[in-house]
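Starting from 1, each residue takes its place in the sequence as its number. Values in this document were obtained by computation on a predicted structure and should not be read as measured data. All heavy atoms count here, side chains included; hydrogens, waters and symmetry mates do not.
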Amino acid sequence: LPLAVSSKNQYLRCISAFWHWYESEYDTDLRIKVKRLKEKRGIKYTPTDEEVKRLYDYYNNKSYLGARNKTMISVLVNLGVRGNELLGLKKSDIDFRNDIITVRNRKGNIDQQLPLNKEVKLQLTKYLNRYGNKNDSDLLFVTRNGYRLSLRDIGYILKKCNSKLTAHSLRRYCCTTMLKQGIPLIMVSRFMNHSSIEVTNSYYADIKATDIDW
């Protein structure tokens, strides 16, 4: 097919998933292995520390929307959740006593508990103490009228500050930051809810030359 290698690999992933389902459904071992094509890995955009700081400073806690947006950014940067996972978070998912938050229905249809560091815990506390009772919704992040936000809304919030930013680029920033802090690759992979450490290493571990201090 006259397609990019990445597009061909998407087809191959679907075929591989089908054979995996077939073997499970009919309890058989077909011994079929679908090998994906090797992709050329380019340099993916990962925000710098300075860009993330400017993003933090762009919003403040003086209004509901400002506090909501600042808290959403804090969760994306510190927990590396996907956009749809961010929008599905609920107030009842937060356990401040044990400093954990439960992210439900992650990729693979699993619920996962993630630790809250001081930064995201402080911002969540400020946001909920001031605006937690603004509406009856248990969803953590909603519109002024209590309606659920969309992925497009997340994009708008980020691009107001920097047109290159996406929820996924902040997820990559979170992953890279953890690795630079010396957290083992296997732990980062599980934290990010990746299917394997190869995914973490190939697509998210973006260590730049400027990150190496000789």
Side-chain angles (χ1 to χ4, degrees), residues 45-107 109-178 181 188 190-193 204:
Y45 168 67
T46 303
T48 63
D49 292 338
E50 291 74 19
E51 287 175 315
V52 170
K53 184 179 184 306
R54 283 197 296 270
L55 179 61
Y56 270 129
D57 294 342
Y58 191 84
Y59 295 102
N60 58 58
N61 292 307
K62 295 180 180 179
S63 66
Y64 169 70
L65 292 183
R68 183 202 66 186
N69 296 347
K70 195 176 185 72
T71 309
M72 289 172 66
I73 290 165
S74 183
V75 172
L76 288 171
V77 169
N78 290 283
L79 300 183
V81 295
R82 301 173 179 89
N84 62 316
E85 295 168 347
L86 177 76
L87 299 182
L89 291 175
K90 296 180 178 179
K91 300 169 190 174
S92 55
D93 290 328
I94 305 172
D95 180 355
F96 282 114
R97 175 171 294 182
N98 296 301
D99 293 343
I100 58 174
I101 185 170
T102 302
V103 185
R104 303 192 183 279
N105 300 316
R106 300 205 82 180
K107 198 170 183 179
N109 196 30
I110 66 169
D111 294 344
Q112 182 180 8
Q113 290 185 329
L114 297 179
L116 298 174
N117 62 20
K118 292 181 180 179
E119 185 175 295
V120 70
K121 180 181 178 181
L122 178 62
Q123 182 56 38
L124 279 168
T125 301
K126 289 180 180 178
Y127 170 61
L128 290 175
N129 283 348
R130 190 166 183 178
Y131 302 107
N133 297 321
K134 182 176 174 61
N135 54 68
D136 296 330
S137 176
D138 189 33
L139 286 173
L140 185 58
F141 303 115
V142 292
T143 67
R144 270 184 260 199
N145 298 322
Y147 296 116
R148 189 186 181 103
L149 293 167
S150 68
L151 292 175
R152 181 178 293 182
D153 293 322
I154 298 177
Y156 176 76
I157 290 167
L158 299 178
K159 292 181 186 301
K160 279 187 70 176
C161 174
N162 183 335
S163 61
K164 295 186 294 183
L165 287 173
T166 63
H168 204 74
S169 67
L170 293 181
R171 177 171 164 81
R172 191 178 297 115
Y173 174 85
C174 175
C175 180
T176 301
T177 300
M178 293 176 71
Q181 291 173 347
V188 175
R190 291 177 178 175
F191 184 93
M192 302 300 291
N193 182 231
Y204 292 86

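For the atom pair Leu76 CG and Arg82 CZ, the distance stands at 12.5 Å (nearest 0.5 Å). Rounding to the nearest 0.5 angstrom, the gap separating the CG atom in Asn193 from the CD1 atom in Ile110 is 4.5 Å. In this structure, NZ on Lys159 lies 7.5 Å from CG on Leu165, to the nearest 0.5 angstrom. With rounding to the nearest 0.5 angstrom, the CG atom of Leu79 is 7.0 Å from the SG atom of Cys174. To the nearest 0.5 Å, atom SG of residue Cys161 and atom CG of residue Asn69 are 11.5 Å apart. If you take OG on Ser137 and OH on Tyr147, they are separated by 11.5 Å, rounding to the nearest 0.5 Å.
Side-chain contact between Leu140 and Ile94 is present, with heavy atoms from C-beta onward closer than 4.5 Å. A 4.5 Å side-chain heavy-atom check between Leu158 and Ile73 finds at least one atom pair inside the cut-off. At a threshold of 4.5 Å between non-hydrogen side-chain atoms, the residues Phe141 and Asp153 do not count as touching. Within the 4.5 Å cutoff, the side chain of Tyr56 has heavy atoms near those of the Ser74 side chain. Side-chain contact between Glu85 and Asn105 is absent, with no heavy-atom pair separated by less than 4.5 Å. Side-chain contact between Gln113 and Asp95 is absent, with no heavy-atom pair separated by less than 4.5 Å. Considering only heavy atoms from C-beta on, Leu87 comes within 4.5 Å of Leu151 through its side chain. For the pair Pro47/Leu170, a side-chain contact is recorded, criterion being any heavy-atom separation below 4.5 Å from C-beta on.
Side-chain N or O atoms of Thr176 include one that pairs as donor or acceptor with a backbone N or O of Arg172 at under 3.5 Å. Between the side chain of Arg104 and the main chain of Lys90, no donor-acceptor pair closer than 3.5 Å is present. The closest donor-acceptor contact from the side chain of Tyr59 to the backbone of Ile157 lies under 3.5 Å. Judged purely by atom type and a 3.5 angstrom limit, Arg171 uses its side chain to pair as donor or acceptor with the backbone of Gly80.
Between Gly83 and Ile154, the closest heavy-atom pair is O-CD1, 3.7 Å. Taking both residues in full, the closest heavy atoms of Ala67 and Tyr131 are given as CB-CE1, 3.6 Å, listed atom of the first, atom of the second, then distance. Of all the heavy atoms in Val142 and Arg68, the pair that sits closest is O-NH1, 3.0 Å. Across Asn84 and Arg148, no two heavy atoms sit closer than the pair O-NH2, 4.4 Å.
Other residues, nucleotides and ligands contribute more than 12 heavy atoms inside 6.0 Å of the CZ atom of Phe96. With a 6.0 Å radius and a threshold of 12 heavy atoms from other residues, nucleotides or ligands, Asp57 has its CG atom above the threshold. Counted within 6.0 Å of CG on Asn129, heavy atoms from surrounding residues, nucleotides or ligands total more than 12; the atom is thus considered enclosed. No more than 12 heavy atoms of other residues, nucleotides or ligands lie within 6.0 Å of NZ in Lys53, so this atom counts as exposed by the packing criterion.
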Worksheet item: Does the side chain to side chain contact (heavy atoms under 4.5 Å, CB included) test come out yes or no for Leu86 and Val75, once each step is laid out?
Response: CA-CA 8 Å; Leu86 177 76; Val75 172; 3.6 Å; yes
Item to complete: For the pair Val81 and Arg106, evaluate side chain to side chain contact (heavy atoms under 4.5 Å, CB included) and give the outcome as yes or no after the intermediate values.
Response: CA-CA 9 Å; Val81 295; Arg106 300 205 82 180; 4.2 Å; yes
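Remark: Lys160 fails to qualify as a cation-pi partner of Tyr58 under the 6.0 Å distance and 45° angle criteria applied to the six-membered ring.
Salt bridge annotation for Asp138-Lys91: absent, with no cationic side-chain nitrogen under 4.0 angstrom from a carboxylate oxygen.
Each of Lys121, Lys118, Gln123, Glu119 was scored for a side-chain hydrogen bond (donor to acceptor under 3.5 Å, both in side chains) with Asn78, with one residue passing: Glu119. Of the residues listed (Glu51, His168, Lys164), the one engaging Tyr45 in a side-chain hydrogen bond (donor to acceptor under 3.5 Å, both in side chains) is Glu51, and it is the only one.
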